[in-house]
Amino acid sequence: MSPLPPASAALPAPAPADLRATARLDRQRIHVRGNSVRHLVVTVQAPTAAATSAPLPLNLALVLDASGSMSGPRLAAAVAAALSVVERLGPADHLSLVSFASDVIVHHEAVRMDAAGQALLRGSLQLLQTRGSTDLAAGWLAGCEAVARHAATVQDAARGHVLVLSDGQANQGIVDPSRLAAIASDLRQRAVTTSTVGIGDGYAPVHLQTLAEAGGGRMHDAERTDDLATVLLGELGAARTTTVENLVVHVDLPEGVQARVYGTAPLSGSARELRIVLGAMA
């Protein structure tokens with residue numbers, strides 16, 4: 001048996017001083033003739049937000065699927081859940097509202113969520129109706145553009161976040177997951193993150209999962225329509241308490257060692273260095 005070199009997992013600078021990462025192997029020795037399998041557990045702990053510090057305001061886009069399959073209880077539940085989000089936002093936050101089907105409608109862009117803004121969004125949400133097919137990518141990108149435009153026009157820091165709700169399968173526009181992943185990754189690096197919610201039990205998860213993982217957010221499943229409000233409010237809370245964004249773990253490998261990452265986190269790099277995207281952490 002031969003001792004393994006120390007495991008290393010590094011976080012890209014700059015990183016918060018109290019962000020902690022450890023890497024631990026299940027065993028410290030390997031067979032000299034090779035072909036040993038060892039498991040490296042990398043643990044990352046995000047800083048805890050100080051109880052006295054105010055969270056960053058939200059620059060949020062709600063992107064709702066309004067295709068034909070959403071008609072009836074699903075659209076009603078999505079609207080009710082979106083209304084609950086509106087009620088939880090405050091004057092420091094801004095909200096954009098987008099719906100998509102065969103077409104994309106930007107109902108509102110970067111509305112300040114004071115009393116007048118909340119009333120405006122409530123009225124528009126209650127008027128939503130279903131129509132057409134499912135161009136998920138176009139709807140998502142419209143939400144991202146609304147968030148990016150607002151971020152470019154203000155000096156105060158805010159957390160740019162897009163939340164996509166859909167019950168179906170993308171059948172128009174960009175449907176290649178690799179293209180969606182590349183766009184979402186680029187937006188993540190520009191501080192526009194994406195989370196997704198799959199509604200019901202018949203949606204295709206691949207596109208929603210791709211957007212959330214490459215976009216540095218989270219994917220949620222709302223199998224029952226009455227779960228939707230709870231899921232959205234949970235995501236809103238996670239967005240508010242996020243203390244690390246765009247987190248990437250680098251794992252440097254000794255010569256002769258091959259690695260396989262468990263799970264679905266996006267990764268890139270070479271045979272000697274892996275880059276695993278963890279995205280946002282609360």
Side-chain angles (χ1 to χ4, degrees), residues 49-66 70 73-101 103-131 139-166 187 191-197 199 217-218 220 222 225-243 245 280 282:
T52 56
S53 62
L56 279 178
L58 289 178
N59 173 14
L60 179 67
L62 279 176
V63 180
L64 304 184
D65 186 345
M70 285 285 290
R74 289 184 178 178
L75 183 63
V79 167
L83 288 170
S84 67
V85 169
V86 168
E87 298 302 322
R88 296 294 181 93
L89 298 176
D93 303 312
H94 289 79
L95 179 63
S96 301
L97 177 63
V98 177
S99 69
F100 67 90
D103 60 345
V104 174
I105 300 176
V106 179
H107 301 272
H108 299 288
E109 184 169 315
V111 176
R112 182 181 295 277
M113 285 291 94
D114 53 16
Q118 288 180 335
L120 182 65
L121 267 293
R122 281 195 295 267
S124 295
L125 281 165
Q126 290 165 349
L127 293 174
L128 278 181
Q129 295 183 339
T130 54
R131 58 192 193 272
W140 165 65
L141 284 171
C144 293
E145 289 166 359
V147 168
R149 274 193 293 268
H150 178 65
T153 60
V154 296
Q155 293 183 342
D156 297 335
R159 179 158 289 118
H161 194 53
V162 179
L163 184 53
V164 180
L165 287 74
S166 179
L187 287 164
V192 179
T193 57
T194 299
S195 289
T196 59
V197 180
I199 304 171
R218 294 154 289 266
H220 305 276
T225 54
D226 52 1
D227 293 335
L228 198 50
T230 301
V231 169
L232 252 64
L233 290 177
E235 173 62 25
L236 182 65
R240 285 207 182 279
T241 58
T242 293
T243 53
E245 294 183 285

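Keep in mind the model is a prediction, meaning the values are calculated, not measured.
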How far apart are the closest heavy atoms of [X] and [Y], and which atoms are they?
{"X": "Ser124", "Y": "Leu97", "answer": "CB-CD2, 4.1 Å"}
{"X": "Thr225", "Y": "Pro73", "answer": "CG2-O, 4.2 Å"}
{"X": "Leu89", "Y": "Gln118", "answer": "O-NE2, 2.9 Å"}
{"X": "Val63", "Y": "Trp140", "answer": "CG1-N, 3.9 Å"}
{"X": "Ser96", "Y": "Ala110", "answer": "OG-N, 2.8 Å"}
{"X": "Leu228", "Y": "Ala222", "answer": "CD1-CB, 3.7 Å"}

How long is the span from the [atom1] atom in [X] to the [atom2] atom in [Y], to the nearest 0.5 Å?
{"X": "Leu121", "Y": "Leu62", "atom1": "CG", "atom2": "CG", "answer": "8.0 Å"}
{"X": "Thr196", "Y": "His220", "atom1": "OG1", "atom2": "NE2", "answer": "7.5 Å"}
{"X": "Asp65", "Y": "Leu165", "atom1": "CG", "atom2": "CG", "answer": "8.5 Å"}
{"X": "Arg218", "Y": "Thr194", "atom1": "CZ", "atom2": "OG1", "answer": "11.0 Å"}
{"X": "Glu235", "Y": "Thr230", "atom1": "CD", "atom2": "OG1", "answer": "13.5 Å"}
{"X": "Leu64", "Y": "Ile105", "atom1": "CG", "atom2": "CD1", "answer": "11.5 Å"}

Original post:
Hey, are the side chains of Leu60 and Val85 touching, using non-hydrogen atoms and a 4.5 Å cut-off?
Top reply: yes

**OP:** Report yes if the side chains of Leu236 and Leu58 come closer than 4.5 Å at any heavy-atom pair, otherwise no.
**Re:** yes

**OP:** Please name the residue in the list Arg240, Arg112, Arg159 that meets the salt bridge (charged side-chain N to carboxylate O under 4.0 Å, His left out) test with Asp93.
**Re:** Arg240

Original post:
Run the side chain to side chain contact (heavy atoms under 4.5 Å, CB included) check on His161 and Val147 step by step: do they pass?
Top reply: CA-CA 7 Å; His161 194 53; Val147 168; over 6 Å; no

**OP:** Evaluate side chain to side chain contact (heavy atoms under 4.5 Å, CB included) for Arg74 paired with Thr130, printing each intermediate quantity in order.
**Re:** CA-CA 10 Å; Arg74 289 184 178 178; Thr130 54; over 6 Å; no

Original post:
Would you find more than 12 non-hydrogen atoms of other residues, nucleotides or ligands less than 6.0 Å from Arg88 atom CZ?
Top reply: no

Subject >> Partner set under salt bridge (charged side-chain N to carboxylate O under 4.0 Å, His left out) for Arg122, not counting sequence neighbours >> reply: Glu87

**OP:** List the steps, then state whether side chain to side chain donor-acceptor pair (under 3.5 Å) holds for Ser99 with His107.
**Re:** CA-CA 8 Å; Ser99 69; His107 301 272; 2.7 Å; yes

**OP:** Check the pair Val111 / Met113 against side chain to side chain contact (heavy atoms under 4.5 Å, CB included), numbers first and verdict last.
**Re:** CA-CA 6 Å; Val111 176; Met113 285 291 94; 3.7 Å; yes

